[in-house]
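As a basis for the values below, the full set of heavy atoms in this structure was taken, side chains included, without hydrogen atoms, waters or symmetry mates. Fair warning: this is a prediction, and the values are worked out from it, not measured in the lab. Chain naming here is simple, since letters A, B, ... match the order of the sequence lines and numbering starts at 1 in each.
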Amino acid sequence: MRGHAWTLGLLGAGGAYLALALALPLGTMTRPGPGFFPVAVGVFLCLAAGSLVAARLRGSAVASTRSVGADAGGRVGTAVAALVGFTLLLPWIGFPACALLFVAVLLRRLGGAGWPGAIVTATLSALVSYYVFGVVLGVPLPTGPF
Amino acid sequence: MGPLEGLAYGFGVALTPANLFACFLGVLIGTIVGVLPGIGPVGAMALLLPSTFALSPTTALIMLAGIYYGSMYGGSTTSILVNVPGEAASVVTAIDGYQMARRGRAGAALAVSAVGSFVAGSLGVVGVMLFAAWLADAALQFGPPEYFALSVAGLAVLSRLTGGSVVVSFVMVGLGLAIGTVGMEPISGYSRFTFGSVQLAQGLELVPIIMGLYGVAEVLVLAEEGLRRSEIVRVKLRELFPTREEWRRSSWPIARGSVVGFVTGLVPGPATVLATFVAYTIERRLSRTPERFGSGAIEGVAGPEAANNGATAGAMVPLLSLGIPFSPATAILLGALVIHGIQPGPLLITNQPAVFWGVVASMYIGNALLLVLNLPLVGVFVSILRLPQPVLSTFVLLLCLVGAFSLSNSLLDLWVLVGMGLLGYAFRKLAIDPAPLIVAVVLGPVMEKTLRQTLFMAHGDWRLLLLRPLSLALLVAGAGVLVGPPLAAAVRRRAALSARGADAVSR
């Protein structure tokens, strides 16, 4: 069943998109409205995803996943958590602090660096990236309360 | 402006200090990106797109194009020396290139690969110069039905040529088209799929989508694989000279690879990758000693390396002459044009001669710079591989985050980046190529606009698409590419079955 989940998920996403598209004004063939193209796309997506589900049920050549070991999964999980954490914290603590935490955690977890080395590298990276993007390139990076 | 006049004008543009530096920086970054497994040219171009906002459109495009074709040079270096292709278009080079390195001919393989890339790149630019201008003239006759048919045919061909199942590619196309409909509808300004969000009303930016699907996803895969150590073959400068026999064996494969690559580049799909496989197959078929292939045949390096560079030039033709990108890399170049307020399409050459001819001339300069950079500095580039992978991955992710945020200083772009990264990682695990999704995101709005214009023109009669010869021809060609191979396979199966039946009866 697990192998079918992603194809069913795609079909579900296609169905949800089509349902939302049908709520838009369709217009007429002479004057198509804002919903005309999305409905056509939704129907196409549902048909394609439906064919994929059917192919999967028949067991024909559709890709399948490789399993991930606990340690590898942990590294991926850390990277994803760091990305989500950065996005959540950016408006609150600002770019330099976010970049410092982000780099330190990833260097420690992915690269196996010790905390002192990770923190020194992270501090330098945060300062250099803030200088390059915030000062030189003029990107208005949030600075937070600091 | 004729091609020679245009080229002379282009050199005047490309040789200004700012553009020359942008070209150098582009090909240097391209080479580094090609050397490093993990971040490909598409991710790097998306990553650096925001840093080009302060540049003029011509300078920005020169730099981004430099990354694109420069990565093809760098990719071969690691294929030959480490048996680790820096990007997908160098996978074939590793087959014979690494075997040559093991036999002590790494220098010759690198030199032939660099010279082949230079020849193909330069010949490809001649093709762009002549073909793009001609196609742009012809495209002035295109109306909405032709543009719609071209987009449909392009997506059909892309779905067939992007490895794996056509149905999976169709799902990717559907997802891309759906993503392209988010935001304010361009004709009436109606908000679609925005759930009341003002930020979503602007639509989803292409760059975080590409950065997520390629850059973040690749880093997540590398994080899963953990640390990798590669054994690097050392090459001395004096070893970089192929023997006379090696030159003789390489010259025709380079010429054939250049043509095959350029033609493949014109076709929608993963042109650079496809071109290398086609060139390798051709060289093997034409060889009097095909058994040498796989154990260090220099033709197996020369042909594919010329082909992937020829393909990067070919892929520029539909972008510059029609304003339609058929690959994720050219989609980013199109994005750069739009961000800088330039309307892509057949009028680009007439209205923006500095952009068109400046980029064309910079490609000549870039190819020459790449030849100079890649041979003597090969050791320097390979030493980049000694950088610990986790450190590199961490900085790539940080650059992705800053790059996505800097597009419009919006947290929405960061969420799109993270979401697309997870989706891209899932695609990688399922061996699904996201290229059709990216191209569909770009072509979706074009398709919607031209379909609605077509229906308006024809008073609601969609058969207009079949009544105009060019749009009909494009739709038939797209359908032929989709249906042709399975139909041919079915006919072959049937013929084999009937032959077996006839055999059984005669016995």
Side-chain angles (χ1 to χ4, degrees), chain A residues 6 10 13-14 17 20-21 24-25 28-38 41-42 44-45 48-49 51-52 55 61-66 68 71-73 75-76 78-80 82-84 86-87 90-91 95 99 102-103 106-107 110-113 121 125 129 133 137-141, chain B residues 50-51 53-54 164-165 167-168 170-171 173-175 177-178 180-181 185 187-188 190 192-193 216 219-220 223-227 388-391 393-395 397-399 401-402 405-406 409 411 414-415 417-418 421-422 425-426 429-432 444 447-448 451-452 455-456 459-462:
Chain A
W6 68 275
L10 283 172
Y17 176 83
L20 289 169
L24 298 167
T28 61
M29 280 299 272
T30 322
R31 282 190 177 277
F36 184 83
F37 188 70
V41 170
F44 175 77
L45 185 54
S51 311
L52 200 58
V62 178
S64 58
T65 53
R66 286 178 287 126
V68 181
D71 196 33
R75 286 193 299 270
V76 175
T78 306
V80 174
L83 285 165
V84 172
F86 183 100
T87 310
L90 185 67
F95 177 78
F102 182 82
V103 175
L106 286 187
L107 286 183
L110 301 186
T121 315
S125 320
S129 55
F133 286 94
L137 293 174
V139 177
L141 293 167
Chain B
S51 67
F53 290 171
S165 144
V167 181
V168 174
F170 275 174
V171 174
V173 168
L175 285 175
L177 293 175
T181 58
E185 185 259 326
I187 296 175
S188 64
Y190 197 96
R192 301 185 296 198
F193 313 108
V216 174
V219 171
L220 294 181
E224 184 190 320
E225 286 171 358
L227 285 169
Q389 193 73 267
V391 175
S393 296
T394 302
F395 290 117
L397 283 185
L398 186 65
L399 273 176
L401 288 163
V402 184
F405 182 79
S406 64
N409 311 320
L411 285 177
L414 289 187
W415 286 117
L417 174 85
V418 176
L422 285 170
Y425 174 66
K429 301 289 296 173
L430 293 161
I432 295 174
M447 286 173 70
E448 177 172 15
L451 177 64
R452 288 172 74 174
L455 290 173
F456 186 72
H459 305 290
D461 188 356
W462 61 270

**Request:** Take B:Phe170 and A:Leu52 through the side chain to side chain contact (heavy atoms under 4.5 Å, CB included) test and state the conclusion after the steps.
**Result:** CA-CA 10 Å; B:Phe170 275 174; A:Leu52 200 58; over 6 Å; no
Inter-residue atom distance [X].[atom1] - [Y].[atom2], 0.5 Å rounding:
X        : Y        : atom1 : atom2 : result
B:Glu448 : A:Phe36  : CD    : CZ    : 9.5 Å
A:Phe37  : B:Arg452 : CZ    : CZ    : 10.0 Å
A:Tyr17  : B:Thr181 : OH    : OG1   : 2.5 Å
A:Met29  : B:His459 : CE    : NE2   : 13.5 Å
B:Ser188 : A:Arg31  : OG    : CZ    : 11.5 Å
A:Leu110 : B:Leu397 : CG    : CG    : 8.0 Å

Quick one: what part of [X] sits under 4.5 Å from any heavy atom of chain A, side chain, backbone, both or neither?
X        : result
B:Ser406 : both
B:Leu175 : both
B:Ala178 : both
B:Leu398 : both
B:Val418 : side chain
B:Phe456 : both
B:Phe193 : side chain

Top residue by heavy-atom pair count (under 4.5 Å) with chain B, among [options]?
options                            : answer
A:Gly33, A:Ser129, A:Ala79         : A:Gly33
A:Gly14, A:Ala48, A:Gly42          : A:Ala48
A:Ala21, A:Ala49, A:Ala82, A:Gly35 : A:Ala21

**Request:** Step by step, work out the side chain to side chain contact (heavy atoms under 4.5 Å, CB included) result for A:Val84 and B:Trp415.
**Result:** CA-CA 8 Å; A:Val84 172; B:Trp415 286 117; 4.1 Å; yes
**Item:** Criterion side chain to side chain contact (heavy atoms under 4.5 Å, CB included) on A:Leu106 and B:Phe395, from CA distance to verdict
**Value:** CA-CA 10 Å; A:Leu106 286 187; B:Phe395 290 117; over 6 Å; no
**Message:** Is there a ring-ring contact (aromatic ring centres under 6.0 Å, His included) between A:Phe133 and B:Phe405? Walk through the geometry before answering.
**Reply:** CA-CA 11 Å; A:Phe133 286 94; B:Phe405 182 79; over 10 Å; no
**Request:** Flag the one option from B:Val173, B:Val167, B:Asp461, B:Val216 with the top tally of heavy-atom pairs under 4.5 Å to chain A.
**Result:**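 Most heavy-atom pairs under 4.5 Å with chain A: B:Val167.
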**Request:** Name the member of B:Val402, B:Leu177, B:Leu399 that forms the most heavy-atom pairs with chain A at distances under 4.5 Å.
**Result:**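 Most heavy-atom pairs under 4.5 Å with chain A: B:Val402.
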Check each atom of [X] against the heavy atoms of chain B and say whether the ones under 4.5 Å are side chain, backbone, both or neither.
X        : result
A:Leu107 : both
A:Ala13  : neither
A:Thr87  : both
A:Val41  : side chain
A:Leu90  : side chain

**Asked** At their closest point, which heavy atom of B:Asn409 faces which heavy atom of A:Pro140, and how far apart are they?
**Response**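 Shortest heavy-atom separation between B:Asn409 and A:Pro140 comes out as ND2-CG, 3.2 Å.
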**Asked** Do you know the tightest heavy-atom contact between B:Glu224 and A:Arg75?
**Response**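 Minimum heavy-atom contact is O-NH2, 2.8 Å.
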**Message:** When you measure from the side chain of B:Arg192 to the backbone of A:Pro34, do you find a donor-acceptor pair of N or O atoms at a distance under 3.5 Å?
**Reply:**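 Yes, because the side chain of B:Arg192 sits within donor-acceptor range (under 3.5 Å) of the backbone of A:Pro34.
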**Item:** Stepwise side chain to side chain contact (heavy atoms under 4.5 Å, CB included) test for A:Thr30 and B:Leu455
**Value:** CA-CA 6 Å; A:Thr30 322; B:Leu455 290 173; over 6 Å; no
